[in-house]
Amino acid sequence: MENDVAAAPPEGRGSWTRLARGQRILAPREGISAARLRAPGGKETHAAQHDPVPRTVREWLETIIIPRAVRSERTLAGITPEFFISEGALTDQDGHRVGLDDAVIPGGFYAFHKPVPPEPRVPFEIAIVHEDEDLLIVDKPHFLASTPNGVFQRECVVTRMRLERGEDDIVAMHRLDRVTGGLLALSRRPATRGKYQVLFQEKRIRKTYRALARLPVGWRAGDPLPLGLESGEERERRSRLQKIDGERPVREVVGEPNAHTSIRFVRAHGTAGEFELTPHTGKTHQLRVHMNGLGMPLVGDPVYPRDVEPDPYDFSDPLQLLATTLAFDDPLTGRRRVFETSMTLAA
């Protein structure tokens, strides 16, 4: 089940082709994108191409979609086929509402609106750093998710910005962990989105972070730090990170490195040190794992070195990690663009 972000141009009911990037079957509801489904079968290659095609939409929902959805999302517990065709507004790729007795189109795309319960507001505001016709650059506060994810569908940057701006086309071009603060880039226009997304895909955007990390016990100015960081010169950390299903912490394991971070010691603040971090890869929790692996976990980190399983509405100890700089050559104008956060660490 994916967000409904693309739908093919209409070609008549029952003609199913590859989805055109950036188009939708259903418009977002209350700023939240519809979920997209794909039926088994069809001529195009996809995961369920060779699976048997249920005879009716009801059979498809009851035997495949609902059992799978309930296993993955708690908010869908108790969902019925009737929900899909009523509140869910189940719609096929040609824009037609679907009935439970309708035949399933082999390989067809469908979309529906999932139930989204109310959420307590995360009591922090998004600051606009820059806006133009194509982009919004914002300072994301700590504890606010970047995109709809898990228990936070309404309380995230994308949903808030869509509602506040009345712009359903706003999409995050990258992500920050919910507990990380700082710069987040949003696309406003599908027509130019791809040109900016390529910058992230090809690592042509320089992202710089600042962090406070626990210095070794008893450390004093002039004492050695891991990697020789006490020199104040940039050092490199490369390792292999592995995400285990069902576990929140990411592990560093033996093997070919797949994560690379440049690290520079800036100054000491009592028992904490301020570091500049530049990721060259985008692995989950990469900066946090790399600093923890050096024996200097980030101040306020709820997962490293030990997962304390925090209440998501406990805002008392923010992670001291900020996305401070975004720099890139604009693909539309060719000029260099540099954005700086207005947020600061709690040093």
- Message: Would you say NZ of Lys243 has more than 12 non-hydrogen atoms from neighbouring residues, nucleotides or ligands within 6.0 angstrom?
- Response: yes
- Lys140 side chain to Arg178 main-chain N or O, any donor-acceptor pair under 3.5 Å? yes
- Would you kindly say whether Ser239 and His290 are connected by a side-chain donor-acceptor distance under 3.5 Å? yes
- Task: State plainly whether the residues Arg162 and Asp168 are in salt-bridge range, i.e. N to O under 4.0 Å.
- Result: no
- Query: For Glu155 and Arg160, what are the C-alpha separation, side-chain angles and deciding distance, and is it a salt bridge (charged side-chain N to carboxylate O under 4.0 Å, His left out)?
  - Reply: CA-CA 7 Å; Glu155 285 302 289; Arg160 278 198 192 178; 2.6 Å; yes
- Give a yes or no on whether the backbone of Thr208 and the side-chain of Thr278 come within a donor-acceptor separation of less than 3.5 Å. no
- Task: Flag the pair Ser262 / Leu277 as yes when at least one side-chain heavy-atom distance between them is below 4.5 Å, and no otherwise.
- Result: no
- Out of curiosity, Ile137 CD1 to Leu184 CG, how far, rounded to the nearest 0.5 Å? 8.0 Å
- Message: Please tell me whether Ile126 and Leu322 are part of a single hydrophobic cluster in this structure, the criterion being side-chain heavy atoms less than 4.5 Å apart.
- Response: no
- Output, in order, the C-alpha distance, side-chain angles, deciding distance and verdict of salt bridge (charged side-chain N to carboxylate O under 4.0 Å, His left out) for Glu44 and Arg38. CA-CA 11 Å; Glu44 292 182 347; Arg38 189 164 196 182; 3.0 Å; yes
- Residues Glu82 and Arg58 bridged, charged N to O under 4.0 Å: yes
- Ignoring hydrogens and angles, state whether a donor on the side chain of His130 or Asp132 is under 3.5 Å from an acceptor on the partner side chain. yes
- Query: Are the charged groups of Glu233 and Arg264 less than 4.0 angstrom apart, N to O?
  - Reply: no
- Message: Looking at Asn258 and Leu241, would you say the former's side chain and the latter's main chain have a donor-acceptor pair under 3.5 Å?
- Response: yes
- Task: Decide, yes or no, whether a salt bridge links Lys114 with Glu87 under the criterion of side-chain N to carboxylate O below 4.0 Å.
- Result: no
- Task: Under the side chain to side chain contact (heavy atoms under 4.5 Å, CB included) rule, what do Glu236 and Leu227 come out as? Steps first, then yes or no, please.
- Result: CA-CA 8 Å; Glu236 308 305 316; Leu227 303 180; over 6 Å; no
- Measure centre to centre between the rings of His142 and Phe315, then say whether the value is under 6.0 Å. no
- Item | Gap separating the CZ atom of Phe339 from the CG atom of Leu135, nearest 0.5 angstrom | 6.5 Å
- Message: Taking the basic N atoms (NZ, or NE/NH1/NH2) and the acidic carboxylate oxygens, is any pair closer than 4.0 Å for Arg193 and Asp169?
- Response: no
- Message: Looking only at the aromatic ring of each residue, does the gap between the centers of Tyr313 and Phe152 stay below 6.0 angstrom?
- Response: yes
- Task: Give a yes or no on this: more than 12 heavy atoms of other residues, nucleotides or ligands lie within 6.0 Å of atom CZ of Arg55.
- Result: no
- Task: Please confirm whether Phe84 and Trp60 have ring centers closer than 6.0 angstrom.
- Result: no
- Check whether the side chains of Gln286 and Thr261 place a donor and an acceptor atom closer than 3.5 Å, and report yes or no. yes
- Message: Salt bridge or not between Arg189 and Asp134? Use side-chain N to carboxylate O under 4.0 Å.
- Response: yes
- Within a radius of less than 6.0 Å around CZ of Arg175, do more than 12 heavy atoms belonging to other residues, nucleotides or ligands occur? no
- Does CZ belonging to Arg240 count more than 12 external heavy atoms closer than 6.0 Å? yes
- Message: Taking Phe143 as the starting point, is it possible to reach Leu176 by hopping between hydrophobic residues whose side chains are less than 4.5 Å apart?
- Response: yes
- Check whether more than 12 heavy atoms from other residues, nucleotides or ligands sit under 6.0 Å from atom CZ of Arg336, and answer yes or no. yes
- Message: Just so I know, are the side chains of Pro148 and Thr159 near enough to count as touching, which here means a heavy-atom distance under 4.5 Å?
- Response: yes
- Distance-only, no hydrogens or angles: does the Arg154 side chain make a donor-acceptor pair with backbone N or O of Val116 under 3.5 Å? yes
- Working for salt bridge (charged side-chain N to carboxylate O under 4.0 Å, His left out), residues Arg210 and Glu274: CA-CA 7 Å; Arg210 287 290 177 105; Glu274 182 176 342; 2.6 Å; yes
- Message: Under a 3.5 Å distance rule, please check whether Ser316 uses its side chain to pair with a backbone N or O of Asp314 as donor and acceptor.
- Response: no
- Query: Under the 3.5 angstrom rule, does the side chain of Asp177 hit a backbone N or O of Val179 as a donor-acceptor pair?
  - Reply: no
- Query: Side chains of Ser231 and Arg235: donor-acceptor distance under 3.5 Å anywhere?
  - Reply: yes
- Task: Take the angle between the ring planes of His174 and Phe200 and call it parallel below 30°, perpendicular above 60°, tilted in between.
- Result: parallel
- Message: For Gly41, is there any backbone N or O sitting under 3.5 Å from a side-chain donor or acceptor partner on His46?
- Response: yes
- Joint cluster assignment, Met291 & Leu319, ILVMFWY side-chain distance < 4.5 Å: yes
- Query: Between Tyr110 (side chain) and Val104 (backbone), is there a donor-acceptor pair under 3.5 Å?
  - Reply: no
- Item | Steps toward side chain to side chain donor-acceptor pair (under 3.5 Å) verdict (Asp139, Ser342) | CA-CA 7 Å; Asp139 265 336; Ser342 60; 2.9 Å; yes
- Step through the shown structure and confirm whether more than 12 heavy atoms of other residues, nucleotides or ligands are within 6.0 Å of CZ on Arg306. no
- Message: Donor-acceptor pair, distance only, cut-off 3.5 Å: does the side chain of Asp223 make one with the backbone of Arg220?
- Response: yes
- Task: Name the orientation class of the two ring planes belonging to Phe112 and Phe83 (parallel below 30°, tilted from 30 to 60°, perpendicular beyond 60°).
- Result: perpendicular
- Query: Is a salt bridge present between Glu131 and Arg165, judged by a nitrogen-to-oxygen distance below 4.0 Å?
  - Reply: yes
- Message: Around atom CZ of Arg248, are there more than 12 heavy atoms from other residues, nucleotides or ligands closer than 6.0 Å?
- Response: yes
- Task: Could you tell me whether the side chain of Ser33 and the main chain of Pro28 form a donor-acceptor pair under 3.5 Å?
- Result: no
- Task: Using the rule that two of Ile, Leu, Val, Met, Phe, Trp, Tyr join whenever any of their side-chain heavy atoms come within less than 4.5 Å, decide whether Val70 and Leu90 are in one cluster.
- Result: yes
- Is there a side-chain contact between Leu287 and Ile263 (heavy atoms, below 4.5 Å)? no
- Would you give the length of the straight line joining atom CZ of Arg204 to atom CD of Gln201, rounded to the nearest 0.5 angstrom? 10.0 Å
